[in-house]
Trainee: 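Before we start, here is the structure in question, set down as structure tokens.
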Amino acid sequence: MLLKRRDRFLSAWEPIRDELVQHMEQQQLPKDACNWYRNNLDYNVIGGKLNRGMSVIDSAEILLGRSLTNAEYGKAAVLGWCIELFQAFCLVSDDVMDKCHVRRTQPCWYRLPHVRLIAVNDACMLRSAISHLLKKHFRRDTMLMCLNSFTTYVSFNTDMGQLVDLITASEDTINLSKFSLERHRKIVVYKTAYYSFYLPVALAMRLTGILDSDPGTAIRPYQVALSILIPLGEYFQVQDDWLDYAGTVEEIGKVGTDIIDNKCSWCVNTALSLANPEQRAILDANYGGKRRGQEWRVKKVFEEVGIAEEYAKYEDNAFRRITGLIEIIPEVTKVGELKREVFVTFLQKIHKRLM
Ligand code: GPP
Ligand code: MG
Ligand code: MG
Ligand code: MG
């Protein structure tokens with residue numbers, strides 16, 4: 001029987017995980033350290049939606065216009081799991097920085113009493129696994145340099161976005177006039193859109209042989225992909241900000257901390273643009289506050305300014321705007337060229353998501 005999409009992708013994980021642990025074992029590193037790494041991988045890489053990783057496979061199949069052969073699937077799955085490793089690195093370290101408690105409905109890794117700040121090194125080991133896997137699985141491929149340069153470019157952008165996110169959410173001086181939707185846009189594009197949206201598609205494009213500098217084509221495919229996927233990623237992170245405020249732990253697998261963490265999120269920026277002077281004063285006095293009742297007072301202002309209606313409008317506009325961007329790509333294209341369907345599929349996966 002044909003394995004379902006997700007099951008097939010999941011079945012590619014175990015050999016990859018074992019190969020990473022074996023890399024440690026081959027160097028005769030202590031058994032407890034090898035077991036620690038295995039637990040780190042099991043706890044932090046599995047348990048999410050796997051959308052980013054599976055998008056490499058979906059995009060590659062759409063671009064080729066057929067199913068992947070077993071050999072092609074193996075390579076696409078390694079790339080997909082590299083993105084999931086990057087996501088795991090992001091989440092383990094982001095939870096330390098954001099002081100979260102719950103992730104994917106289980107305690108955050110650094111909250112486990114035997115882990116604590118070892119999580120910082122564990123996050124590094126999730127990220128280091130990526131270049132190791134690329135070197136091992138693509139060493140005979142001319143595309144290795146290109147895959148490495150995509151991941152380096154995207155990781156640096158993610159780090160820069162996270163920096164802007166963190167320094168905008170200062171804990172000592174709460175000053176909402178530092179926030180703006182313009183600053184918010186920079187944060188979300190850099191910390192989320194490049195790695196979650198551009199990276200899977202760019203890797204699939206390279207895997208299926210799309211090159212950037214084909215003199216025969218009028219459009220530069222990677223530029224076109226970026227011009228659609230960055231707004232798509234921005235939309236996705238606005239949803240994440242919204243769900244941090246409106247989602248339940250059952251829905252999103254985590255407990256929102258943006259208000260108490262003084263985050264420059266879409267919700268607070270939108271509320272600031274709609275608040276009257278009294279509501280603004282309540283936000284100034286309570287946003288980022290850790291005392292009892294402060295988060296509740298902020299949420300009440302969000303409700304009063306009609307943030308739910310504003311969010312519904314945002315979602316509709318984003319959908320229309322991104323659909324318009326996708327139409328830059330010709331409706332009919334040849335094999336080996338960019339296809340609308342890659343982006344339509346991605347947009348449909350996230351539009352109006354509740355988790
Ligand atoms: C999402 O931010 C962005 C990331 C998880 C990227 C972190 C980047 C690093 C370089 C560590 P978020 O804090 O809103 O995510 P969540 O709501 O899932 O905690
Ligand atoms: Mg964060
Ligand atoms: Mg966070
Ligand atoms: Mg969030």
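Ligands are counted one by one from 1 in listed order, and the atoms in each one are counted from 1 as well.
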Trainee: Within the stated cut-off of 2.8 Å, is an N/O/S atom of D165 closer than that to the Mg ion (ligand 2)?
Mentor: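 So D165 does not bind the Mg ion (ligand 2) by this criterion.
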Trainee: Per the side chain to side chain contact (heavy atoms under 4.5 Å, CB included) rule, which among E304, R297, K300 passes with I282?
Mentor: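 Exactly one pass, corresponding to R297.
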Trainee: Out of curiosity, R52 CZ to E84 CD, how far, rounded to the nearest 0.5 Å?
Mentor: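 So the gap between those two atoms works out to 7.0 Å.
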Trainee: Under 2.8 Å from the Mg ion (ligand 2), is there any N, O or S atom belonging to D261?
Mentor: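 No, since none of the N, O or S atoms of D261 sits under 2.8 Å from the Mg ion (ligand 2).
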Trainee: Identify, for atom 7 (C) of ligand 1, the protein heavy atom at the shortest distance, and state residue, atom and that distance.
Mentor: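 The protein heavy atom lying closest is Q162 OE1, 3.3 Å.
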Trainee: Need the ligand 1 atom indices (1-based, order shown) with element for anything under 4.0 Å from a heavy-atom of D159.
Mentor: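 Listed by number with element: 10 (C).
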Trainee: Any N/O of T192 closer than 3.5 Å to an N/O of ligand 1?
Mentor: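 N/O-N/O distance below 3.5 Å does not exist for this pair.
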Trainee: Identify, by atom number and element, the atoms of ligand 1 in contact range of K254, meaning under 4.0 Å from any of its heavy atoms.
Mentor: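 The list of qualifying atoms is 16 (P), 17 (O), 18 (O).
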Trainee: Aromatic rings H351 and Y235: how do their planes relate, parallel, tilted or perpendicular, breaks at 30° and 60°?
Mentor: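 Judged by the thresholds at 30° and 60°, the geometry between H351 and Y235 is tilted.
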Trainee: Salt bridge or not for E337 and K334, using N-O below 4.0 Å?
Mentor: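 Looking at E337 and K334, the cut-off is met.
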Trainee: Starting from atom 13 (O) of ligand 1, which protein heavy atom do you reach first, and at what distance in Å?
Mentor: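 Checking every protein heavy atom, the shortest distance to atom 13 (O) of ligand 1 gives D98 OD2, 2.8 Å.
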Trainee: If I take atom OG from residue S93 and atom CG from residue D159, how far apart are they, to the nearest 0.5 angstrom?
Mentor: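 The CG atom of D159 is 8.5 Å from OG of S93, to the nearest 0.5 Å.
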Trainee: Just to be sure I read this right, does ligand 1 sit under 4.0 Å from the backbone of D240, its side chain, both, or neither, counting only heavy atoms?
Mentor: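 Contact part for D240 vs ligand 1: side chain (C-beta onward).
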Trainee: Does any N or O atom in R127 lie less than 3.5 angstrom from one in ligand 1, N or O only?
Mentor: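 No, there is no polar N/O contact under 3.5 Å.
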Trainee: Please confirm whether F150 and Y153 have ring centers closer than 6.0 angstrom.
Mentor: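 No, too far apart.
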Trainee: Taking the six-membered ring for Trp, is the centroid-to-centroid distance between H114 and W36 below 6.0 Å?
Mentor: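 When the ring centroids of H114 and W36 are compared, they turn out to be within the sub-6.0 Å range.
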Trainee: Provide, to 0.1 Å, the distance between atom 12 (P) of ligand 1 and the closest protein heavy atom, together with that atom's residue and name.
Mentor: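 Nearest neighbour among protein heavy atoms for atom 12 (P) of ligand 1, to 0.1 Å: K191 NZ, 3.7 Å.
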Trainee: Go through ligand 1 atom by atom and flag the ones less than 4.0 Å from a non-hydrogen atom of Q237.
Mentor: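 Taking each heavy atom of Q237 in turn, ligand 1 has 1 (C), 14 (O) under 4.0 Å.
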Trainee: Using only atom types and a distance under 3.5 Å, with no angle test, would you say the side chain of Q348 pairs donor to acceptor with the backbone of T345?
Mentor: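 Checking the backbone N and O of T345 against the side chain of Q348, no donor-acceptor pair under 3.5 Å is found.
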Trainee: Using a strict 4.0 Å cut-off to heavy atoms of T158, name the atoms of ligand 1 that fall inside it.
Mentor: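 Reading through ligand 1 atom by atom, the close ones are 8 (C).
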Trainee: Just distances here: any N/O of D95 and N/O of ligand 1 closer than 3.5 Å?
Mentor: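 No, there is no polar N/O contact under 3.5 Å.
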Trainee: Provide, to 0.1 Å, the distance between atom 15 (O) of ligand 1 and the closest protein heavy atom, together with that atom's residue and name.
Mentor: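 Here the closest protein heavy atom is D94 OD2, 3.7 Å.
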Trainee: Has E72 got more than 12 heavy atoms of other residues, nucleotides or ligands less than 6.0 Å from its CD?
Mentor: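 Atom CD in E72 is crowded, with more than 12 foreign heavy atoms closer than 6.0 Å.
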Trainee: Measure the distances from the heavy atoms of S93 to every atom of ligand 1 and state whether one is below 4.0 angstrom.
Mentor: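 Yes.
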Trainee: Do W242 and Y314 make a side-chain contact, defined as non-hydrogen atoms from C-beta onward lying under 4.5 Å apart?
Mentor: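 No, every pair of side-chain atoms sits at 4.5 Å or beyond.
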Trainee: Parallel, tilted or perpendicular: which fits the ring planes of Y311 and W266, with parallel below 30° and perpendicular above 60°?
Mentor: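 Answer is perpendicular, since the angle exceeds 60°.
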Trainee: Atoms of ligand 1 less than 4.0 Å from M97 heavy atoms?
Mentor: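 So the atoms of ligand 1 that pass are 11 (C).
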Trainee: Where the Mg ion (ligand 3) is the corner point, what angle links OD2 of D98 with OD2 of D94, to 10°?
Mentor: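 With the Mg ion (ligand 3) as the vertex, the angle is close to 90°.
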